[in-house]
Amino acid sequence: MTLVVVLAMGGGGLAWYAAEETADLSTQSTTAKQLLAASDGKVAEETTRDGLSAQIAEAETVLAEPVLTRLLTGTGDARDSLGAASAAVEASMVEFARSQVTAARKGVTSAQARAEKVHTATKGMGVDDAVRAQLQAAIDTLAAVDAAANDAIAGADLTELEKAATDLSTNRSALTLATQSLTDAQDAITCPWPDQVWDPDSGKVPSSALAALPWAPTHLVRSDVLQGLVELDAAYSEAFGEHLTINSSYRTYESQDALYDPASPTAAPPGCSTHGLGLAVDIGGGVQTFGTQQYNWLKQHAETYGWTHPDWAEPRGRMPEPWHWESVLVGAGS
């Protein structure tokens with residue numbers, strides 16, 4: 001009788017232990033499923049999710065086994081494997097979040113540089129101080145957010161990393177909007193026509209970003225549009241037996257200022273000219289007259305090489321100028 005009681009008590013203890021292990025594995029499996037769903041698109045290595053999925057399936061197989069089988073084999077191996085797979089996914093999520101923060105900070109750097117440039121260029125240029133103050137506040141806020149992000153990268157807290165990435169994105173957008181608001185305010189003051197756009201870089205393009213035209217080395221354009229102009233010149237030379245005649249190209253802020261006459265719409269105010277961006281040339285040699293063979297040829301072929309005649313310079317445009325040609329990058333935010 002005593003032996004029966006002891007065996008019964010021992011069997012009850014084993015059953016209780018098996019039930020506890022089963023409950024633990026079941027809870028762990030549920031948590032792992034939630035982690036698998038939450039990690040979708042948020043891991044550095046997708047294979048970690050594949051591993052977790054496989055271990056969840058293995059855990060479910062163990063949970064579906066008869067109680068006696070679980071009593072004999074236990075659930076420890078399944079729990080350990082599931083824990084390791086979950087840890088791998090969590091680590092991969094941290095790595096992914098850290099990479100997102102790093103990428104976001106790179107974008108912030110360019111936005112900050114643009115904002116600082118616009119803020120500096122508008123000083124004393126007649127823009128409402130409140131508009132400039134809004135941009136300065138956005139610059140300061142993003143700088144603080146960026147500093148916090150730098151601290152987050154040094155750690156491994158997933159929540160802090162994800163928050164840092166979100167904060168960087170949100171405040172970068174706010175900075176971009178504030179920069180554009182100040183740019184628009186300066187444009188409204190400086191550039192008299194809707195087709196003119198104020199740019200802090202106009203007339204201030206660094207020499208390292210400019211390149212001389214091979215057949216007219218005294219003339220410069222922005223380096224990234226040179227090749228298209230060279231190819232356009234080659235096609236033009238084949239058609240007419242001579243190079244494009246370049247009469248004007250990149251202009252410094254000072255040279256544009258010297259040309260500008262407020263009483264005449266011929267030259268744009270300094271800061272508003274596409275010549276100041278290195279994205280425009282004035283062409284002669286017949287092109288300077290509407291309807292000539294040279295002009296018509298350019299109208300037909302120039303855009304193939306990335307150059308165009310703007311609407312405002314067309315015969316019925318605001319200021320008819322057959323000689324003025326621009327890169328297609330004008331107005332494209334490049």
Main-chain N/O of Thr179 paired with Arg114 side-chain donor or acceptor, under 3.5 Å: no

Sequence-distant partners of Trp312, ring pair (Phe, Tyr, Trp, His ring centres under 6.0 Å), two or more places apart: His324

Basic-acidic side-chain contact under 4.0 Å: Asp167, Lys163: yes

salt_bridge(Glu46, Arg49) N-O dist < 4.0 Å: yes

Ring pair (Phe, Tyr, Trp, His ring centres under 6.0 Å) involving His119 - partner list, sequence neighbours excluded: none

Heavy-atom closest contact (Pro200 atom, Val118 atom, distance): CG-CG2, 3.8 Å

Distance-only polar pair, side chains of Ser255 and Arg251, donor-acceptor under 3.5 Å: no

Crowding at CD, Glu45 (>12 non-hydrogen neighbours, <6.0 Å): no

Check: Asp257 side chain, Pro270 main-chain N or O, donor-acceptor pair, under 3.5 Å: no

Flag for Thr274-Glu326: side-chain donor and acceptor within less than 3.5 Å: yes

Side chain Asn296, main chain Gly291, donor-acceptor under 3.5 Å: yes

Worked check of side chain to side chain donor-acceptor pair (under 3.5 Å) between Gln136 and Asp140: CA-CA 6 Å; Gln136 185 61 62; Asp140 294 342; 3.0 Å; yes

Residues Glu231 and Gln227: side-chain donor-acceptor under 3.5 angstrom: yes

Qualifying side chain to side chain donor-acceptor pair (under 3.5 Å) pairs with a residue from residues 188-197, counting only residues at least two apart or across chains: Gln186-Thr190, Asp195-Arg318

Lys299 with Glu314: basic N within carboxylate O range, under 4.0 Å: yes

Residues clustering with Met125 (ILVMFWY side chains joined when closer than 4.5 Å, directly or via others): Tyr253

Main-chain N/O of Asp199 paired with Ser202 side-chain donor or acceptor, under 3.5 Å: no

Ring centroid separation Tyr295 to His309 under 6.0 Å: yes

Separation of Thr141 OG1 from Asp146 CG (nearest 0.5 Å): 12.5 Å

Connected hydrophobic set around Leu210, excluding itself, where side chains approach under 4.5 Å: Val205, Leu220, Tyr250

Residues Glu60 and Ser29: side-chain donor-acceptor under 3.5 angstrom: yes

Residues Asp24 and Arg79 bridged, charged N to O under 4.0 Å: no

Distance (rounded to the nearest 0.5 Å) between Ser81 OG and Gln28 CD: 9.5 Å

Sequence neighbours excluded - ring-ring contact (aromatic ring centres under 6.0 Å, His included) pairs with any residue from residues 200-234: Trp215-His243

